[in-house]
Amino acid sequence: MAKREFRKAQAGSAYTPKGKSGFPDLTALQFLVLDMLSSHADCVSAHHLQQALSQYSPQYHGPKFYQLMGRLVRDQLVSIESKTITTTGGSVERTFYSSTSNGLEATNLTRVFYSTRHKLEMHLENS
């Protein structure tokens, strides 16, 4: 299995978790999308993201996919860019996404939260 490299959040990230409970703000699906984006240095096309998501959640294509991505853009966790791609038949407008520094920070915080789960189990075993 190839080792995955994760992009680091830039210093001075403005991301602040909304919840006061200590639990991550991201849903499992949002974390999955942000995790995919954080492992790419460049932006990722909407088409490739939808293909990757279909392995985990086949119903997230079309409008549901774009609603999910719209929420991530609105929350400033993902940036969106349109690019014109020239093909033999003409030009096609494609949508690309990339993780923002806030998105990277949210992903890292969520990853740390879930990776510390074994500490909870150890505490329960010692009680």
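- Remark: Ser45 OG to Arg94 CZ distance equals 7.5 Å, nearest 0.5 Å.
- Contacts of Leu29 classified as side chain to side chain contact (heavy atoms under 4.5 Å, CB included), with partners at least two apart in sequence or in another chain: Thr27, Leu32, Leu53, Ser57, Tyr60, Leu68.
- Between atom OH of residue Tyr66 and atom CZ of residue Arg71 there is a gap of 14.5 Å, rounded to the nearest 0.5 Å.
- With rounding to the nearest 0.5 angstrom, the CG atom of Asp35 is 5.0 Å from the CZ atom of Arg111.
- Under the side-chain hydrogen bond (donor to acceptor under 3.5 Å, both in side chains) criterion, Gln76 pairs with no residue, sequence neighbours left out.
- Annotation: the span from Glu105 atom CD to Leu34 atom CG amounts to 12.0 Å, rounded to 0.5 Å.
- Expressed to the nearest 0.5 Å, how far CG of Leu104 lies from OG of Ser99 amounts to 3.5 Å.
- With sequence neighbours excluded, the residues forming a side chain to side chain contact (heavy atoms under 4.5 Å, CB included) with Thr86 are Ser91, listed by chain and number.
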Carefully, step by step, assess Leu72 and Met69 under the rule side chain to side chain contact (heavy atoms under 4.5 Å, CB included).
CA-CA 5 Å; Leu72 291 171; Met69 297 309 294; 4.1 Å; yes

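- With sequence neighbours excluded, no residue satisfies side chain to side chain contact (heavy atoms under 4.5 Å, CB included) with Ser54.
- Leu26 is listed as a side-chain neighbour of Leu77, based on a closest heavy-atom distance under 4.5 Å.
- From Gln51, atom CD reaches atom NE2 of His48 across 5.5 Å, with rounding to the nearest 0.5 Å.
- Under the side chain to side chain contact (heavy atoms under 4.5 Å, CB included) criterion, His61 pairs with Gln50, sequence neighbours left out.
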Quick one: do Thr107 and Leu37 satisfy side chain to side chain contact (heavy atoms under 4.5 Å, CB included)? Show the steps, please.
CA-CA 10 Å; Thr107 304; Leu37 290 174; over 6 Å; no

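- Here Phe96 sits in one hydrophobic cluster together with Ile85; the rule is ILVMFWY side chains under 4.5 Å apart, joined directly or through other members.
- Donor-acceptor pairing under 3.5 Å is lacking for the side chains of Ser79 and Thr100.
- Among all heavy-atom pairs drawn from Gln59 and Lys64, the shortest one is O-CD, 3.6 Å.
- Take Glu81 and apply the side-chain hydrogen bond (donor to acceptor under 3.5 Å, both in side chains) test, not counting sequence neighbours, and it matches no residue.
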